[in-house]
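Worksheet for the structure shown next.
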Amino acid sequence: MSRLLQRVVGLRFKYLMARNASSYLIEDPKYSFLKDLGLDKKNVGVFNGKWEANGPMIQSFSPANGKVIAEVQAASVADYESCAKAAQDAWHEWAEMPAPARGEIVRQIGDALREKLQPLGQLVSLEMGKILPEAIGEVVEYIHVCDLALGLSRSLPGTIFPSERPGHVLIEKWNPLGAIGIITAFNFPVAVFGWNSAIAMVCGDVSVWKPSETTPLISVAVTKIVESVLVKNNIPGAVAALCVGGKDIGQTLVKDHRMKLVSFTGSTAVGQEVGVEVQRRFGRHLLELGGNNAIIVNEDANLQLLLNAALFACAGTAGQRCTTTRRLLIHKKVYSEVVSKLKKAYASVLSRIGDPLESESLIGPLHTPAAVQAYKDTVAAAVKQGGIIEFGGKVIEREGYFVEPTIITGLPHDSPLVKTECFAPIVYCIEIPDLETGIQYNNEVEQGLSSSLFTENMGNVFKWIGPHGSDCGIVNVNIPTNGAEVGGAFGGEKATGGGRECGSDSWKSYMRRSTVTINYSGTIKLAQNIKFGDD
């Protein structure tokens, strides 16, 4: 009897395993767009010109339902080595191409992304969790950076300076760095790679991309799109190498002397470790780290404008943007009105929290169960410290990782909890007596990414953007703290890391500068009229 029971249990176990193995979302016709991107049930997460991996298998989960989408085989350390070597070899050919020719390749990448805009956006919604309009917008952001990089490829500057010495010319010359490492986070799994890759490519660099472990399918799909353009133009695929992996791959990349620049997007704590390690080998780092962003609502603010902005700023993307508003610093004259109206605005979207692929959804899930736990812990800590939950504060009981957007009052501006970023839709409302105090509170946190002031007074605007105003890298007026355009430099100060990506002169991070003096006079003449020996 016991043998029969064991056999029945064994068969049941095998049945459940087989059922689980066949229940990947990629096999559901609802998600047919995955196969339009060249994805399969099992995927290779390493590309060095060839797709080959020898590391562990990673399951990718959808945060909307907690189910497995598909699997990706990650890199071993040996696989990373093959990527780094192939990228370095490819650089010699890539760097010799004229910048406008490199720009043409990036233009084609932008067009290839346009062709896959809808399915790639759907994948971002499915694997990351942001609503579809935001996900498509993220892919559009990469496309816009390709457009920006194309123009840059024909306008990369060089400078001629007057020389004090007759028969001499003084030139500033920019050259590519070489191979760079790109480490991206889960919350912008397409755009942040695009910011770095497109600009670096026209500058003459090659890259090794280590994406987040929790968004591996997106990185595979993006790399396949880039590969298609490189193959069509007979360019080595390792110009854009991919290395999906865990902490061991990230640490190896950061310590690798061949990576002339490491661009890291992630938490302040890990970013500090990355910065120290890269500096230890005298490499360059570009850090895009945490933000504890504030909106100041001055007494003369247009409150309807503010409420329209605050809803997206505080609750959009389920609070998972580095530029999400974490603190509302509200003038005492309008404090009660703003909190009351914000609660009503939050209530209006509560029924529209849901599957990010559904058109009626305005807010999707948190990305992982760990994020839900961090949300719960923060809400509990706030209540314990005297905070009042004005709205939300609860996990939504349904499949997936959904929580209510939350408004908390009653905590002091300098509470350790208020000064700590929680990557969830939690906003602290804090009363201020005047603008000067608001600016002080804005600047007192360790991060310095984004900020915004709502006012109708031009004098306040220039105070806010001046030397005694916001100390952030992004200083807005009458718009949310999130939703930056690609034309400006994106990044922040202090514990946000100081890095700049995308527009303006961010390209300088990806190139090295040489000051060149050319003597065509036929004689040696020293600067500063120094005489050394006989003339």
Considering non-hydrogen atoms only, spot the tightest contact between Ala99 and Leu156 and give its length.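 Closest approach of Ala99 to Leu156, heavy atoms only: CB-CD1, 4.2 Å.
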Sole residue of Ile249, Val278, Val276 in side-chain contact (heavy atoms from CB on, under 4.5 Å) with Val254: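 The passing option is Val278.
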Does Val208 form a side-chain contact (heavy atoms from CB on, under 4.5 Å) with Met259? I'd like the steps, not just the answer. CA-CA 8 Å; Val208 178; Met259 298 297 115; 4.0 Å; yes
Checking side-chain contact (heavy atoms from CB on, under 4.5 Å) for the pair His285/Glu277: CA distance, chi angles, key distance, verdict? CA-CA 10 Å; His285 55 69; Glu277 197 60 52; over 6 Å; no
Does Tyr441 have Lys419 sitting over its ring (NZ/CZ under 6.0 Å from centre, angle to axis within 45°)?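 Judged by the rule, Lys419 and Tyr441 form no cation-pi pair.
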Row check, Trp51 ring normal vs Lys224 NZ/CZ: under 6.0 Å, within 45°: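 Because its charged atom sits under 6.0 Å from the ring centre and within 45° of the axis, Lys224 does stack over Trp51.
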If only side-chain N and O atoms count, and only distance matters, is there a donor-acceptor pair under 3.5 Å linking [Y] with [X]?
X	Y	result
Thr324	Asn482	no
Ser82	Asp79	no
Thr214	His367	yes

Taking it one step at a time, do Phe490 and Ser504 satisfy side-chain contact (heavy atoms from CB on, under 4.5 Å)? CA-CA 9 Å; Phe490 182 91; Ser504 185; over 6 Å; no
Rounded to the nearest 0.5 Å, what separation is found between the [atom1] atom of [X] and the [atom2] atom of [Y]?
X	Y	atom1	atom2	result
Lys210	Thr184	NZ	OG1	8.0 Å
Leu37	Gln118	CG	CD	10.5 Å
Asn196	Glu501	CG	CD	4.5 Å

Side-chain heavy-atom pair Ser451, Ile295 within 4.5 angstrom cut-off: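 When only atoms from C-beta onward are counted, Ile295 and Ser451 do not touch, as no gap falls below 4.5 Å.
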Considering only heavy atoms from C-beta outward, does the side chain of Val475 approach that of Ser450 to under 4.5 Å?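 They are not in contact (no side-chain heavy atoms under 4.5 Å apart), so the answer is no.
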Just checking Lys85: does its NZ atom have more than 12 heavy atoms from other residues, nucleotides or ligands closer to it than 6.0 angstrom?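 Result for NZ/Lys85: open.
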Using the side-chain contact (heavy atoms from CB on, under 4.5 Å) rule, take Phe312 and Glu134 through it: C-alpha gap first, then chi angles, then the decisive distance, then the call. CA-CA 11 Å; Phe312 177 65; Glu134 288 188 70; 3.9 Å; yes
